[in-house]
Amino acid sequence: WFSTKDFMSYGIQLMPLTAVGEVRDAPDWVAHLYPYYEDSCMSDENLCRDEGWSIMMYTLLATVGRRDEALEQVLTLPKRVFTSLGGDGNSLTNTIWYISTRNPNVTVSVETLPKDEDEDACSKEICDGPLTCPTMLYLCYDGASKRGCSGTPWSNLTCDKSCHVKPGCGN
């Protein structure tokens with residue numbers, strides 16, 4: 001309903017950039033989300049960057065302990081992106097504050113996207129079995145073509161449309 005671009009769907013869920021992010025965005029969850037966000041953003045890099053959606057991607061990077069890298073990237077963004085759709089009116093100052101206040105003691109390895117052959121094996125396990133309703137946001141490794149599983153985050157409010165990624169799946 002919002003956009004066909006995954007980075008927009010991910011990004012809108014991360015707004016606004018406020019202190020609640022400390023509670024909302026657990027580093028382990030962010031480490032799982034980041035490669036999907038980055039992959040989607042890089043698939044349409046100009047749109048992602050020009051409309052400010054990359055701001056959220058860089059704040060995720062800071063959350064997993066890569067604050068210096070996140071800050072370097074944010075400082076290269078054109079000033080106009082902070083008042084664009086994805087920038088959501090976040091000022092450059094607010095974004096720098098958010099990045100610099102992420103926990104400096106957190107270092108979480110960002111997950112890698114599953115390989116195609118792993119996805120096929122995993123999708124049969126996930127989509128052919130009973131769906132497990134998650135208690136927080138999860139990402140499925142499959143698209144809608146795989147019996148309704150989705151590559152976008154879902155909450156327990158939309159459990160009937162979601163699937164739970166089983167531990168070790170896609171690794």
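Computed from a predicted structure; not experimentally measured.
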Exercise for the section: May I have all residue pairs that pass disulfide (SG to SG under 2.5 Å) and include part of residues 45-92, sequence neighbours excluded? Expected result: Cys41-Cys48
Exercise for the section: Mark yes or no for whether Ser54, through its side chain, and Met57, through its backbone, hold a donor-acceptor pair below 3.5 Å. Expected result: no
Shortest non-hydrogen contact between [X] and [Y], atoms and distance:
{"X": "Met56", "Y": "Met15", "answer": "CE-CG, 3.5 Å"}
{"X": "Ser9", "Y": "Ser3", "answer": "OG-O, 4.0 Å"}
{"X": "Pro35", "Y": "Val110", "answer": "CD-CG1, 3.6 Å"}
{"X": "Ile55", "Y": "Gly87", "answer": "CD1-CA, 3.7 Å"}

Any side-chain heavy atom of [X] within less than 4.5 Å of one from [Y]?
{"X": "Leu85", "Y": "Trp53", "result": "yes"}
{"X": "Leu77", "Y": "Thr95", "result": "no"}
{"X": "Thr93", "Y": "Trp97", "result": "no"}
{"X": "Asp25", "Y": "Leu14", "result": "yes"}
{"X": "Leu60", "Y": "Tyr10", "result": "no"}
{"X": "Tyr34", "Y": "Leu61", "result": "yes"}

Handout entry: All pairs passing salt bridge (charged side-chain N to carboxylate O under 4.0 Å, His left out) where residues 38-62 contributes a residue, at least two apart
Key = Lys5-Asp44, Asp50-Arg80
Practice task
Take Leu92 and Val74 through the test side chain to side chain contact (heavy atoms under 4.5 Å, CB included) and record every step on the way to the result.
Solution key: CA-CA 8 Å; Leu92 175 59; Val74 163; 3.7 Å; yes
Problem - Euclidean distance, Leu17 CG relative to Asn90 CG, rounded to 0.5 Å - result: 4.0 Å
Fill in the blank from the handout: Here the gap from Asp6 atom CG to Tyr36 atom OH, rounded to the nearest 0.5 Å, amounts to 11.0 Å
Let me have the donor-acceptor pairs involving side chains of residues 63-71, under 3.5 Å, with sequence neighbours excluded, atom names and distances please.
unit_1: Thr63; atom_1: OG1; unit_2: Thr59; atom_2: O; d: 2.9
unit_1: Arg66; atom_1: NE; unit_2: Glu69; atom_2: OE1; d: 2.9
unit_1: Arg66; atom_1: NH2; unit_2: Glu69; atom_2: OE1; d: 3.0
unit_1: Arg66; atom_1: NH2; unit_2: Glu69; atom_2: OE2; d: 3.1
unit_1: Arg67; atom_1: NH1; unit_2: Ser100; atom_2: O; d: 2.6
unit_1: Arg67; atom_1: NH1; unit_2: Arg102; atom_2: O; d: 3.1

